[in-house]
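Labels below follow one simple rule: chain letters A, B, ... track the order of the sequence lines, proteins then strands, and each chain is numbered from 1. Reckoned from all heavy atoms, side chains included, excluding hydrogens, waters and symmetry mates.
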Protein chains: 2
Amino acid sequence: MPVGLSQTEIEQIDRVVSNRKRVNKGQSLFNAGQRFDAMYAVRSGFFKTLITAPDGREQVTGFQMAGEILGMDGIVNSQHTCDAIALEDAEVCVMPYDNMEAISRDFPTLQHHIHRVMSRELVRDQGMMMMLGSMRAEERLAAFLVNLAQRLNARGFSASEMVLRMTREEIGSYLGMKLETVSRTFSKFVDDTLIEVKQRHIKIINMDGLRSLAAPEARSL
Amino acid sequence: MPVGLSQTEIEQIDRVVSNRKRVNKGQSLFNAGQRFDAMYAVRSGFFKTLITAPDGREQVTGFQMAGEILGMDGIVNSQHTCDAIALEDAEVCVMPYDNMEAISRDFPTLQHHIHRVMSRELVRDQGMMMMLGSMRAEERLAAFLVNLAQRLNARGFSASEMVLRMTREEIGSYLGMKLETVSRTFSKFVDDTLIEVKQRHIKIINMDGLRSLAAPEARSL
DNA sequence: CGTAGTTTTGAGAGGCGTCAAGGAGCGTGG
DNA sequence: CCACGCTCCTTGACGCCTCTCAAAACTACG
């Protein structure tokens with residue numbers, strides 16, 4: 001996972017993260033309230049994280065795919081604050097936190113890597129606030145699709161065709177809108193020939209159009 | 001700032017964070033795009049952080065007061081991703097990142113503390129997503145007031161009376177609503193005798209009422 | 001092939017945004 | 001000391017975006 005590590009470092013790290021764990025579709029990797037003692041790197045599969053309010057309302061806070069890290073929010077109180085649920089059969093690397101902490105003292109590269117991963121998550125969260133706080137439904141969904149396509153592409157998949165692993169309701173929860181609005185907005189994108197939709201198969205026809213929806217240019221004047 | 005440190009540790013850390021910096025009201029501590037080389041601990045005063053979209057829309061991502069940390073989002077790309085602006089004359093401790101990294105290798109307590117601070121911010125962000133994604137204007141503003149009162153109280157101020165350091169527009173940006181809606185909602189809270197409002201002076205009359213608005217109980221059945 | 005879950009689509013309602021006008025507080029300068 | 005202008009705040013009227021409620025179509029799975 002980390003780059004720029006020496007052979008020795010890699011071996012050390014391997015000893016820490018060699019433990020694998022399978023999580024079947026629908027199962028949770030961890031739940032809010034559970035004791036935190038490890039973070040997890042997704043090796044394969046697809047996860048969602050969500051938090052639940054006292055009144056039962058759920059908010060999906062993220063979708064994680066291969067290479068992304070889960071559970072960092074648990075450090076502060078030694079207990080997880082969200083549920084992580086596999087949306088398809090998945091495998092993760094278990095990274096016991098105490099070991100990570102200990103080893104990163106000897107390997108500055110790893111230490112810095114951990115900071116970068118957490119920092120990246122903070123930046124992502126800022127973007128989420130921007131989305132949820134000041135974008136309209138269309139813009140949010142377009143940004144969501146563009147982001148998903150980009151992440152899939154970075155993993156060697158097609159940037160234009162994808163199979164969503166989550167329901168409309170989960171997308172809606174993530175984007176702060178109702179499932180009906182997600183569905184309607186998808187339909188509107190189809191009408192505008194931006195995408196093609198067949199159930200959870202999405203084909204992006206006009207990526208530039210989506211992008212311009214997701215991040216509108218500065219108004220001329 | 002950190003707790004549970006030995007005298008030696010504290011001295012070491014002091015050497016790193018002894019640099020102070022003043023920031024006058026309205027000035028920025030750093031701006032998005034600037035090179036990142038230090039994080040900052042607020043000693044006194046009050047900050048807002050905000051990000052700006054390509055089309056100029058701004059989103060306030062947080063308000064920081066004494067003891068809180070600014071700039072952690074800059075680690076990942078060695079450049080700040082948001083602006084930090086003082087809402088009143090302020091003073092911060094400058095914590096050069098390279099030094100922090102180096103010293104935290106020798107002091108596990110500090111190392112863990114850094115992780116906790118970043119993790120706490122991740123948890124806060126999750127809460128923000130919940131607010132922005134699935135709460136209504138009333139609930140958001142109530143949660144905002146309750147949170148502010150709690151943080152002020154933790155710093156030795158009254159939990160029931162406060163002076164807002166930010167405008168209605170900044171509150172609105174933070175909470176994903178327009179300034180008019182913030183104003184109207186304040187007025188509604190006054191009508192409901194939850195608070196008293198005189199410009200930026202807020203007096204909380206019925207904290208329990210606010211709390212129940214901010215985090216509605218599970219519906220009976 | 002039936003059943004449950006998911007998705008689409010419609011109709012109507014409502015919360016919040018937009019546009020607009022006026023008022024209050026405050027620093028500055030005559 | 002008061003007038004002026006600026007920024008910020010409040011309130012009203014109206015409209016739209018999104019939610020709510022509802023029904024039907026489609027898919028997956030047992």
Euclidean distance, atom [atom1] of residue [X] to atom [atom2] of [N] [Å, nearest integer]:
{"X": "B:Arg136", "N": "C:dC16", "atom1": "CZ", "atom2": "C1'", "result": "11 Å"}
{"X": "A:Lys188", "N": "C:dT9", "atom1": "NZ", "atom2": "P", "result": "14 Å"}
{"X": "A:Met166", "N": "C:dG5", "atom1": "CE", "atom2": "C1'", "result": "17 Å"}
{"X": "B:Leu141", "N": "C:dC16", "atom1": "CG", "atom2": "C1'", "result": "14 Å"}
{"X": "B:His201", "N": "C:dC26", "atom1": "NE2", "atom2": "C1'", "result": "14 Å"}
{"X": "A:Leu179", "N": "C:dT6", "atom1": "CG", "atom2": "C1'", "result": "9 Å"}
{"X": "A:Met177", "N": "C:dG15", "atom1": "CE", "atom2": "C1'", "result": "17 Å"}
{"X": "A:Leu164", "N": "C:dT7", "atom1": "CG", "atom2": "C1'", "result": "12 Å"}

Would you call [X] and [Y] a salt bridge, using N to O less than 4.0 angstrom?
{"X": "B:Glu88", "Y": "B:Arg165", "result": "yes"}
{"X": "B:Glu169", "Y": "B:Lys178", "result": "no"}
{"X": "B:Arg120", "Y": "B:Glu68", "result": "no"}

Using the closest heavy atom to pick a nucleotide of DNA chain D for each, name whichever of A:Glu138 or B:Val182 lands nearer the 5' end.
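Going by which nucleotide is closer to the 5' end, it is B:Val182.
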Going by the rule ring pair (Phe, Tyr, Trp, His ring centres under 6.0 Å), which residues pair with [X] if we only count those two or more places apart in sequence or in a different chain?
{"X": "A:Phe189", "value": "none"}
{"X": "B:Tyr97", "value": "A:His112, A:His115, B:Phe36"}
{"X": "A:Phe47", "value": "none"}

Taking only N/O atoms, report every protein-nucleotides 19-25 of chain C pair under 3.5 Å with atom names and distance.
{"residue": "C:dC19", "atom": "N4", "partner": "B:Glu180", "partner atom": "OE2", "Å": "3.2"}

Report yes if some heavy atom in the side chain of B:Arg155 is under 4.5 Å from a heavy atom in the side chain of B:Met65; otherwise report no.
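Of all side-chain heavy-atom pairs linking B:Met65 with B:Arg155, at least one is under 4.5 Å.
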Among B:Gln59, B:Met128, B:Lys48, side-chain contact (heavy atoms from CB on, under 4.5 Å) partner for B:Tyr174
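Only one option passes, and that is B:Met128.
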Please report the shortest heavy-atom distance between B:Ala143 and B:Met131, naming the atom on each side.
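Smallest heavy-atom distance, with atoms named: CB-SD, 3.6 Å.
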Closest heavy-atom pair and its distance - A:Ala38, A:Val94:
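Looking at all heavy atoms of both residues, the shortest contact is CB-CG1, 3.8 Å.
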Categorize A:Thr167 for me: base, sugar-phosphate, or nothing, with a 4.0 angstrom heavy-atom threshold over every strand shown.
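If one applies the 4.0 Å heavy-atom cut-off, A:Thr167 turns out to touch the sugar-phosphate alone, with no base involved.
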Any base atoms under 4.0 Å from A:Gly176, or only sugar-phosphate, or nothing? Heavy atoms, all strands.
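A:Gly176: backbone/sugar contact only, no base atoms under 4.0 Å.
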Which angle, rounded to 10°, do you find between the first-five-pair axis and the last-five-pair axis of the helix from C:dC1-D:dG30 to C:dG30-D:dC1?
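It works out to 40° between the end axes.
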How many angstroms lie between CE in A:Met72 and CD1 in A:Ile75, if you round to the nearest 0.5 Å?
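Spacing of CE (A:Met72) from CD1 (A:Ile75) equals 7.5 Å.
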From the 5' end of DNA chain D to its 3' end, which nucleotides mark the outer limits of contact with chain A, defined by a 4.0 Å heavy-atom distance cut-off (strictly under)?
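Nucleotide range in contact with chain A: D:dT18 to D:dT27.
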Would A:Ser119 and B:Asp73 count as a side-chain hydrogen bond (donor to acceptor under 3.5 Å, both in side chains) here? Give the steps.
CA-CA 5 Å; A:Ser119 176; B:Asp73 50 73; over 6 Å; no
Can you see if the side chain of A:Ser187 gets near the phosphate of C:dT9 - specifically, an N or O under 4.0 Å from OP1 or OP2?
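Answer yes for this pair, as a side-chain N or O of A:Ser187 is under 4.0 Å from OP1 or OP2.
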